[in-house]
Q: 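Dropping the structure in here first, questions after.
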Amino acid sequence: MATVTDTPIRIGVMGCAVIARTVSRAIDLAPNATIAAVASRSLEKAKTFATANGYQQSVKIHGSYESILEDPDVDALYIPLPTSLHVEWAIRAAESGKHILVEKPVAMNVSEFDKIVAACEKNGVQIMDGTMWAHHPRTAKLKEFLFDSDRFGQLKNINSCFSLAVDEDFLKNNIRVKPNLDGLGALGDLGWYAIRAALFANNFELPKIVAASPGTVLNESGVILSCGASLSWEDGRTASIYCSFLANVGMEITAVGTNGTLCVQDFVIPFEETQATFTTCLKSGFNDPWVSRPTEHSVKTEIPQEACMVREFARLVGEIKNKGAKPDGFWPNISRKTQLVVDAIKESVDKNCQQISLSGR
């Protein structure tokens, strides 16, 4: 947490995407960050965005991405650009000494991802992806239960899904269905969250085998609109993920262990900003499976999860800026593993659901 003596981390918003509205509010709510600048390829668009989101008059308005990179009053950049542009602008941001909070998916593939992280490491800047739910205090409670050998036991299976039914205009015009913009489609936009949940429950150990499920739906440009996949580990643990632009809203995690079961209904976006719930069920018998009824747990938060994300990002940047700390490698490490699984599912889709090995990657 920031103290009154801390200088807030100055964040520039590079791009005026819809999600940037949510993160702009999050920066305002985070106690250790402030919006210092906004940039668009159009000065007028940047001005309009700043006004619409209630930016202070002191916020600098940039009419180009190059301009915000050169701004000495910006410590870090939030980058909500289309995925295909990440590799260029994240690398340029790192080379300009700007710390990076980048929307997911981080890159179109792990090769691009590695180029981005290499630039960050070379220039000593922090990188974090925009997976907001990872920063909600509920997530720490989920981890506490999942890794409790007495209550949960050993993980056997996890199912995670994220689906949203979009309209015809989205399916025709949104950047998430354009191969030259966000070419990973639903897999990159929604599947990223479901994959992260599966990895989270497995302590971020990569699966041995990944395979797309039959029934993937592509648009006429070959972009994934809906898909599922199975993941398996050496010791028999399994996971299934599902993501879709064509199904009603679903944001669920179900994890089953030898002693307990965990269920979350709203893991991506909690029903309420100020609290989030999950249910656990402990040991039950074959003849009376509900001898132990599910228990609901509620976790409160003073600020929404996106502001928790910004607060943690700004804390890490502050440690580097003010104390000479090194960037935290945890966040790029788990991002890379998520990207590897995204890549493997995409490869499996392209190869008619062939099993893809992640051994040695």
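Below, all heavy atoms of this structure are taken into account, side chains as well, without hydrogens, waters or symmetry copies. Not measured: the values here are computed from a predicted model.
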Q: Would the distance check show the side chain of Lys122 and the main-chain N or O of Val117 forming a donor-acceptor pair, the cut-off being under 3.5 Å?
A: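 The answer is no, because no donor-acceptor pair under 3.5 Å joins these two groups.
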Q: Is there a side-chain contact between Asn123 and Glu95 in this structure, where contact means two heavy atoms from C-beta onward sitting under 4.5 Å apart?
A: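 Result yes, sub-4.5 Å side-chain heavy-atom pair found.
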Q: As a quick check of understanding, evaluate side-chain contact (heavy atoms from CB on, under 4.5 Å) for Ile320 and Lys326, giving each step before the final call.
A: CA-CA 6 Å; Ile320 297 166; Lys326 293 183 178 180; over 6 Å; no
Q: Under a 3.5 Å distance rule, please check whether Ser40 uses its side chain to pair with a backbone N or O of Lys45 as donor and acceptor.
A: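 No: the side chain of Ser40 does not pair with the backbone of Lys45.
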Q: Can you check whether Glu168 reaches Leu171 side chain to side chain, under 4.5 Å on heavy atoms?
A: yes
Q: Going by an N to O cut-off under 4.0 Å, is there a salt bridge joining Asp75 and Lys98?
A: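 No, this pair does not count.
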Q: Should Val106 and Trp192 be marked as a side-chain contact (heavy atoms from CB on, under 4.5 Å) after you check the CA-CA gap, both sets of side-chain angles, and the distance that decides it?
A: CA-CA 10 Å; Val106 175; Trp192 183 276; 4.0 Å; yes
Q: Could you check whether atom CD of Gln355 has more than 12 heavy atoms from other residues, nucleotides or ligands sitting under 6.0 Å from it?
A: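 No - once you tally the heavy atoms of other residues, nucleotides and ligands closer than 6.0 Å, there are 12 at most.
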Q: Quick one: does any side-chain atom of Ser163 pair with a main-chain N or O of Asn248 as donor and acceptor, under 3.5 Å?
A: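 Here the side-chain-to-backbone pair exists.
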Q: How far apart are the closest heavy atoms of Pro80 and Gly15, and which atoms are they?
A: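 What the structure gives for the nearest pair is CG-O, 3.7 Å.
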Q: side-chain contact (heavy atoms from CB on, under 4.5 Å) between Thr83 and Asp189: does it pass, once the steps are laid out?
A: CA-CA 10 Å; Thr83 307; Asp189 190 53; over 6 Å; no
Q: Do side-chain atoms of Ser348 reach the backbone of Gln354 as a donor and acceptor pair under 3.5 angstrom?
A: yes
Q: Would you say Lys178 has more than 12 foreign heavy atoms packed within less than 6.0 Å of its NZ?
A: yes
Q: Give the minimum heavy-atom separation between Ile35 and Val59, together with the two atoms involved.
A: O-CG2, 3.4 Å
Q: Taking the six-membered ring for Trp and the full ring for Phe, Tyr or His, determine whether the centres of Phe147 and Phe152 are under 6.0 Å apart.
A: no
Q: May I ask you to check whether Trp133 and Phe162 place their ring centres under 6.0 Å from each other?
A: no
Q: Tell me which one of Arg336, Arg196, Lys104 satisfies side-chain hydrogen bond (donor to acceptor under 3.5 Å, both in side chains) with Asp129.
A: Arg196
Q: Quick one: do Leu187 and Val349 satisfy side-chain contact (heavy atoms from CB on, under 4.5 Å)? Show the steps, please.
A: CA-CA 11 Å; Leu187 175 60; Val349 167; 5.8 Å; no
